[in-house]
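Read the structure below first, then the notes.
Order of appearance sets the numbers: ligands from 1, and atoms from 1 within every ligand. By convention here, the first residue in the shown sequence is residue 1.
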Amino acid sequence: MKHIILDTDPGIDDSLAILLALASPEISLEGLSIVHGNCSLAQATTNALSILELANATHIPVAVGCELPLVQPSLLAPETHGNTGLGYAKLSEPRTQPTRRHGCDFLIERIMSAPDEVTLVAIGPLTNIALAIRQEPRIVNALNELIIMGGAIRYEGNTTALAEFNTYADPHAAHIVYHAGIPTTLVPLDVTYQCVLTQRDVDRLLRLDSPLTRFIADATRFYMEFHDAYQGVQGCVINDPLALALTFAPELCDYQELPVDVDISGGVSLGKTIGDFYNYNKKPANMKVALGVRPRDFIEMFLERMEKLAQKTTQ
Ligand code: RIB
Ligand code: CA
């Protein structure tokens, strides 16, 4: 059993990652720490609580983290995720509250109380994790593994021509986390942009009429409109669920150990993630980078688990 904490900015694809975690018996979701990103921290917190209620999982603690990046001004993504962060989906106001602990304190507490047991899956900007490392450096050695959805190595950016959103939103936090020394797997756009959920996939889910499948359809309909309008993609790229899936199905991807850096020099390439394939800088590899993926194996697994979760939550 893998013990997972998700650091997340829900967000449409984040919500699918949360649902996949709840639908996967191989893992135990120990909590959500919330970070700014796809929408405001307050909205992301409400969304997290509502998604857990939708999936009858209100026992999962939600801890509110950082509202702003370390240095950069706030960058949100309403064009991608809608003003509520969940596209066209309308969830009821949550009846539950987040924990009183700050997200960084929650991360430190949970990681230090179970050395070598927690796998941290970061699917938003890395602000919370960077600050937690600065506050309690011992979490670096106490973490079992860190899986980061972020970056674009040999792939174009989705926020600037070069940079991916989670990294560009807080490049200074990414720099701290990338060089902290935690056993890290990076899941960049190179692989996530091959994982496209299509309308046909969503129609398959809708054959099961339930609040959960209707939520997925309404949330992804907005996301598909964005992908078509901005990038000509027919469907929507589900970045965050792929990162989560690697906690229990690492064989979905192929990896290369690489020295990876992130540009914080502040110019046109701010937030660009750089894989030094020929090790020009003579540095040791600081992470395992997913550069190959079996997209339809992943999408099929995702759909099967959403169908099972929908059946379970409708009963
Ligand atoms: O670039 C994609 C990433 O940025 C995903 O995690 C998405 O949810 C946004 O946070
Ligand atoms: Ca995200």
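Between the O atom of I123 and the OD1 atom of D14, the angle taken at the Ca ion (ligand 2) works out to 140° after rounding to 10°.
Only the side chain of N158 comes within 4.0 Å of ligand 1, judged by heavy-atom distances. Here I123 has backbone heavy atoms under 4.0 Å from ligand 1, and that is the only part of it that gets that close.
Atoms of ligand 1 lying under 4.0 Å from at least one heavy atom of N239, given by number and element, are 2 (C). Listed by number with element, the atoms of ligand 1 under 4.0 Å from a non-hydrogen atom of D9 are 10 (O). Taking every non-hydrogen atom of F165 and a distance limit under 4.0 Å, the qualifying atoms of ligand 1 come out as 1 (O), 4 (O), 9 (C), 10 (O). Distances below 4.0 Å separate heavy atoms of M149 from the following atoms of ligand 1: 2 (C), 3 (C), 5 (C), 6 (O). Against a heavy-atom cut-off of under 4.0 Å, E164 is close to the following atoms of ligand 1: 1 (O), 2 (C), 3 (C), 4 (O). For ligand 1, the atoms closer than 4.0 angstrom to any heavy atom of D14 are 8 (O).
Its N, O or S atom nearest to the Ca ion (ligand 2) is what matters here, and for D9 that atom is OD1. Atom OD2 is the N/O/S atom of D240 found closest to the Ca ion (ligand 2).
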Between Q194 and T192, does the side chain to side chain donor-acceptor pair (under 3.5 Å) criterion hold? Intermediate values first, please.
CA-CA 5 Å; Q194 298 178 53; T192 65; over 6 Å; no

Between T273 and E164, is a side chain to side chain donor-acceptor pair (under 3.5 Å) present by the stated rule, with each step listed?
CA-CA 8 Å; T273 45; E164 174 277 328; over 6 Å; no

Applying salt bridge (charged side-chain N to carboxylate O under 4.0 Å, His left out) to R100 and D105, what does each step give before you reach the verdict?
CA-CA 10 Å; R100 300 171 63 82; D105 296 331; over 6 Å; no

Where do Y88 and E225 land on the side chain to side chain donor-acceptor pair (under 3.5 Å) test, with the steps shown first?
CA-CA 11 Å; Y88 294 124; E225 289 172 2; 2.4 Å; yes

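D218 has a carboxylate O that lies under 4.0 Å from a charged side-chain N of R221, or vice versa, which qualifies the two as a salt bridge. Using a 4.0 Å cut-off between charged side-chain N and carboxylate O, D261 and K283 make no salt bridge. Residues E26 and R305 are paired through a salt bridge, judged by an N-O separation under 4.0 Å between the basic side chain and the carboxylate. A salt bridge does not link K2 with E117: none of the charged nitrogens is closer than 4.0 Å to a carboxylate oxygen.
The protein non-hydrogen atom at the shortest distance from atom 8 (O) of ligand 1 is D13 OD1, 2.5 Å. Shortest contact from atom 9 (C) of ligand 1 to any protein heavy atom: N38 OD1, 3.1 Å. Of the protein's non-hydrogen atoms, the one nearest atom 6 (O) of ligand 1 is D240 OD1, 2.6 Å. The nearest heavy-atom contact from the protein to atom 4 (O) of ligand 1 is N166 OD1, 3.1 Å.
Y223 and H227 have their aromatic ring centers within a separation under 6.0 angstrom.
When every heavy atom of R294 is checked against every heavy atom of E251, the shortest pair comes out as NH2-O, 2.7 Å.
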